[in-house]
Number of protein chains: 2
Amino acid sequence: IIRLDDVERTYRMGSETIYALRALSLTIDPNEFVAIMGPSGSGKSTLMNVIGCLDTPSSGRYWLNGRLVSEMNDRQLAAARNREIGFVFQSFNLLARLTALANVEVPLIYAGVPRRERHERARHALDTVGLADRMLHRPTEMSGGQRQRVAIARALVTRPSILLADEPTGNLDSSTTEEIMNLFDDLHAAGHTLIMVTHEQEIAAHAARVLRMNDGEIVADEQMEPR
Amino acid sequence: IIRLDDVERTYRMGSETIYALRALSLTIDPNEFVAIMGPSGSGKSTLMNVIGCLDTPSSGRYWLNGRLVSEMNDRQLAAARNREIGFVFQSFNLLARLTALANVEVPLIYAGVPRRERHERARHALDTVGLADRMLHRPTEMSGGQRQRVAIARALVTRPSILLADEPTGNLDSSTTEEIMNLFDDLHAAGHTLIMVTHEQEIAAHAARVLRMNDGEIVADEQMEPR
Ligand SMILES: Nc1ncnc2c1ncn2[C@@H]1O[C@H](COP(=O)(O)OP(=O)(O)OP(=O)(O)O)[C@@H](O)[C@H]1O
Ligand SMILES: Nc1ncnc2c1ncn2[C@@H]1O[C@H](COP(=O)(O)OP(=O)(O)OP(=O)(O)O)[C@@H](O)[C@H]1O
Ligand SMILES: [Mg+2]
Ligand SMILES: [Mg+2]
């Protein structure tokens, strides 16, 4: 479902070149549950952004569902980002002027879901992450962990075939974390593909496969006994 | 050094009242190392903002170093925020248009430190959190964990007598986390007071005292064997 071949992502800063990703190759099959770990700055979020069609590699090729992403037109790219992929961002990226409910409705608007159904699905998604009583709050009227959960609800509301989650439980206490991981396990059991960046071993243990990154490269690729 | 007496913090949302803090009382002595834990939304960041003189209680009294904060004038409040207290925010609050170096210099500008010394101390602070090679990057040109470390360096650069850290290692891998906790332990050993929100038991274990919050109240206050 996902295939990267010799993908590089560099940034030019004056005379310096930063190699966020270096000649990285990777294949992920449908219904895999993959955890990505590695030191701060090793390229995990950059890799997630490339997979999520939000960033373009400087070189190399990326096939999503058999189609070469660099050759997709705007309509196909939009469909990939809005319907096939759900993304929980490391810094949430919520719209500050919208309520939690409106934020979660946004992907459903892109998907052309009618208003009544959109409302109902967004309410339900917020309820499953424990935010039924915060639906009309704006991001500044919520705690850090509540914002993180709105970002999770937004990513889940379209039931995307691929869920990308970048440090999804970093601001959550252990019991809330467990609830979120149960949601992810259910999604995986229902046939979806999950790719999750985490720095916590206990979270990575939910995945059947762990990729370890260092300095822009994948340095280990381990098959695990899933819990 | 810190005393809260019956402190409340409420928010009015239409007909609803949200009790972020409820009649909370607390005393913290100099050179204590206190961890605050509790579920998402239980009031931890709100408590930190009150202690850090960034938010005013709806009722109750707060003494900082023996002075009643509600009766401080603007000059005294500014001095408290900029020189006595260092704050690592849960969402970092970096200035997007400034480099990492310039961000870390900001508290030193408020403290009236001359330019050459300011530059040197900011460089050193970034070096101690492992960001020597990211000094001229802006926040959008850094990873999540790098931004978090800039926020930490900024809070430490004035050597504040009180360090408030709200989930300071949420975006960091285990070995970077260990480096940061060593910095905090050193600060504590040097006589400073540390108050740290965390959801990770291993991080809380560095503290000698753990406060547990739930629904706006302190529900447990345990003295620990510090490591
Ligand atoms: N401006 C606001 N208006 C209304 N409610 C608010 C506002 N700011 C915070 N709250 C509410 O106050 C409560 C406490 O928030 P706080 O940020 O202190 O929680 P927290 O313990 O830090 O949570 P987390 O672990 O998720 O960061 C939350 O339920 C939040 O929704
Ligand atoms: N716009 C940019 N310009 C220059 N360098 C950048 C830019 N964006 C990211 N980088 C660098 O690319 C590297 C990889 O960043 P990335 O965000 O992928 O790391 P990460 O593994 O997600 O880290 P973390 O665990 O801290 O979130 C980092 O060293 C970062 O400083
Ligand atoms: Mg990242
Ligand atoms: Mg908080």
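By convention in this document, chain letters (A, B, ...) are assigned in the order of the sequence lines, proteins followed by strands, and residues within each chain are numbered from 1. Only a predicted model underlies this, so the values are computations on that prediction, with no experimental measurement involved.
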Notebook entry, point to check: Which residue out of Ala20(A), Gly144(A), Gly14(A) racks up the most heavy-atom pairs below 4.5 Å with chain B?
Noted result: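 Among the listed options, the one with the most contacts to chain B is Gly144(A).
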Checklist line | Choice from Gly43(A), Ser42(A), Pro39(A) maximising heavy atom contacts with chain B below 4.5 Å | finding: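 Highest number of heavy-atom pairs under 4.5 Å: Pro39(A).
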Next item on the list: Nearest 0.5 Å please: distance from the CD atom of Gln148(A) over to the CD atom of Gln90(B).
Entry: 9.0 Å
Proximal component of [X], with respect to chain B [non-hydrogen, under 4.5 Å]:
X	result
Ser40(A)	both
Ser91(A)	side chain
Glu167(A)	side chain
Leu136(A)	backbone
Glu141(A)	side chain

Item checked: Top of Arg134(B), His137(B), Lys44(B), Gln146(B) for chain A proximity - count of heavy-atom pairs under 4.5 angstrom -> His137(B)
Checklist line | Region of Glu200(B) in contact with chain A, defined by heavy-atom distances below 4.5 Å | finding: side chain
Notebook entry, point to check: Among residues 168-184 of chain A, which residues come closer than 4.5 Å to chain B, judged by heavy atom distances?
Noted result: Thr169(A), Gly170(A), Asn171(A), Leu172(A), Asp173(A), Thr176(A)
